[in-house]
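Working notes, structure below.
For clarity, every value in this text was computed on a predicted model and none was experimentally measured. Chain letters run A, B, ... following the sequence lines, proteins first, then strands; residues in each count from 1.
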2 protein chains.
Amino acid sequence: MRHYQPEKYPPFAVTVDLVVLTIRADRLCALVVRRGERPYLGRWALAGGFVRPDEDLDTAARRELAEETGLPVGSVHLEQLASYGDPARDPRMRVVTVAYLALAPDLPSPRAGTDTVDAKWEPVTDLLGKPATLAFDHHRILGDGVERARSKLEYTPLATAFCPTEFTVAELRRVYELVWDTPIDPRNFHRKVTGVAGLLASTGHTTTRDGGRPAQLYRRGEATLLHPPMLR
Amino acid sequence: MRHYQPEKYPPFAVTVDLVVLTIRADRLCALVVRRGERPYLGRWALAGGFVRPDEDLDTAARRELAEETGLPVGSVHLEQLASYGDPARDPRMRVVTVAYLALAPDLPSPRAGTDTVDAKWEPVTDLLGKPATLAFDHHRILGDGVERARSKLEYTPLATAFCPTEFTVAELRRVYELVWDTPIDPRNFHRKVTGVAGLLASTGHTTTRDGGRPAQLYRRGEATLLHPPMLR
DNA sequence: GCAGTTTTCGTCAAGATGACGATTAGCGGC
DNA sequence: GCCGCTAATCGTCATCTTGACGAAAACTGC
């Protein structure tokens, strides 16, 4: 094992940043934290932080998610989104960030973390509508995350990640309606979603929490790809 | 702008690695280069190299593609694939690599680059069938790249990236057949592909290079998303 | 019991799909 | 110039899926 040779291997800092999405009060919301450090002190930003020397990227992402938000992290869907490495994206030094996309059911309000003085859920339309709100290139990263979520709803069971363990067809439909920002016919959606192999697993229970006739409760099925896909 | 503080921002090396796919002699092939340096000296690997201090990730990927292969790089589709950062993935030091997926029409044979002694096109089935052939975690990266290509054929016009500027419906079909490894009915494919809005742009020319009745030549259309998608 | 609400099942026309027959338009050889 | 070969392109038909919407079912609150 050789020595580290800075001339040959230029040093970078590597961070993870988190696009954490949830649905709260009938809106698609993203987690933002207020920065407690320079640069961008006091500005809102995505949660994130430096990857530790002996830590895998996925591990770092999950650790930051837990640390910076205090949220129960076990039930959260986490996947890598993309990496961003513009030489000027951080004024301190050369930083490459590996962005992750996290999807969660409606969670309690986050608490501030170690490097943050505040944390909250903010509707994504508000954030994306004002490009200068977020620090660094986080506006772009958020946009990419939302777009990834939108398209993955079509051909994966990702929408179930926004729902609690047991959920109704109507709750799942609400996810699609909010993420795609388009109304969906409840009857056709019901027919389609119950027809896709492996998307829903029956629990035998019912609930009336949405009012009206009792609805079947489902758990997420084993499918990882939807055949046929749900098209926008 | 602060000083670099190694305790606070642990140093990483950042590389780009390239999954370059093409279709040659009716097979889906990937570009592999023989390493001219330690570690894995003499082993086959994906093309790639260190990102320079003042260089964007996309720029580094395109530069490496040109440098390590000598291929004409203008017509090549290039997109980010994913990042890999297992602490043990490189025995020298902590390296995070940003993998890119490149798709090219049938190109001339590659030449060796600066850090490589040899370069060639190798059928992906051969590479994926023998997990220990490639250096580092490149077997996994290649697998992820091929899987990305497979699924993007469904809902984007990505298949056209494997074709020359002007191509026939049959040539496009051959791409689908080889990447998905499944036969497709020429008549139904023709009907479908000519029906998808914005996938194909007519050139008015025809060719008989495939034999038989002259085929219309098309250029790729403006669509970025296929409606409806081509389903496996 | 009744009004209100939501789930769930049905119907029907229009569009998409898969299997496959038939026609068209070049080629090469004679 | 005609014949067979090849491959592109067009058609047909039964089946499946989709979108629009009617209607019944099963709960709640009053």
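Atom pair A:R174:CZ and C:dT6:C1' shows a separation of 14 Å (rounding to whole Å applied). At whole-Å resolution of the value, CD in B:Q216 and C1' in C:dT24 are 13 Å apart. Taking atom CZ of residue A:R213 and atom P of nucleotide C:dT7, one finds them 10 Å apart after rounding to whole Å. Atom CG of A:D210 is separated from atom P of C:dT8 by 10 Å (rounded to the nearest Å). In this structure, CG of A:L200 is placed 14 Å from P of C:dT7, rounded to the nearest angstrom. Following rounding to the nearest Å, A:L172 (CG) and C:dT6 (P) show an atom-to-atom distance of 17 Å. Rounding to whole angstrom units, CE of residue A:M230 and C1' of D:dG19 are separated by 13 Å. Atom-to-atom, CG of A:N188 to C1' of C:dG15 comes out at 14 Å; the value is rounded to the nearest Å.
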Legend entry - Test side chain to side chain contact (heavy atoms under 4.5 Å, CB included) applied to B:F162 and B:I23, step by step: CA-CA 7 Å; B:F162 284 111; B:I23 288 174; 4.1 Å; yes

> A:T97 and A:R89: side chain to side chain contact (heavy atoms under 4.5 Å, CB included), yes or no, with the steps?
Replying inline: CA-CA 10 Å; A:T97 195; A:R89 63 177 296 280; 3.3 Å; yes

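Ring orientation note: the planes of B:F136 and B:H138 are tilted relative to one another, at an angle of 30° to 60°.
Map A:Y218 and B:G211 each onto its nearest nucleotide of DNA chain C; the residue landing nearer the 5' end is A:Y218. Along DNA chain D, the nucleotide nearest to A:P214 and the one nearest to A:R191 differ in position, and the one closer to the 5' end is contacted by A:R191.
Counting any heavy atom pair closer than 4.0 Å across all strands shown, A:R173 reaches sugar-phosphate atoms only and no base atom.
The base of C:dG21 sits within donor-acceptor range of the side chain of B:R187, with an N or O pair under 3.5 Å.
OP1 or OP2 of D:dA8 has not a single side-chain nitrogen or oxygen of B:H190 nearer than 4.0 Å. Between D:dT18 and A:K192, a contact under 4.0 Å exists linking OP1 or OP2 to a side-chain N or O.
Atom CD of A:E64 sits about 8.5 Å away from atom CG of A:D17, to the nearest 0.5 Å.
The side chain of B:A215 has D:dT9 as its nearest neighbour among D:dC27, D:dT9, C:dC20.
Nearest heavy-atom pair across B:Y100 and B:V16 is CE1-CG1, 4.1 Å.
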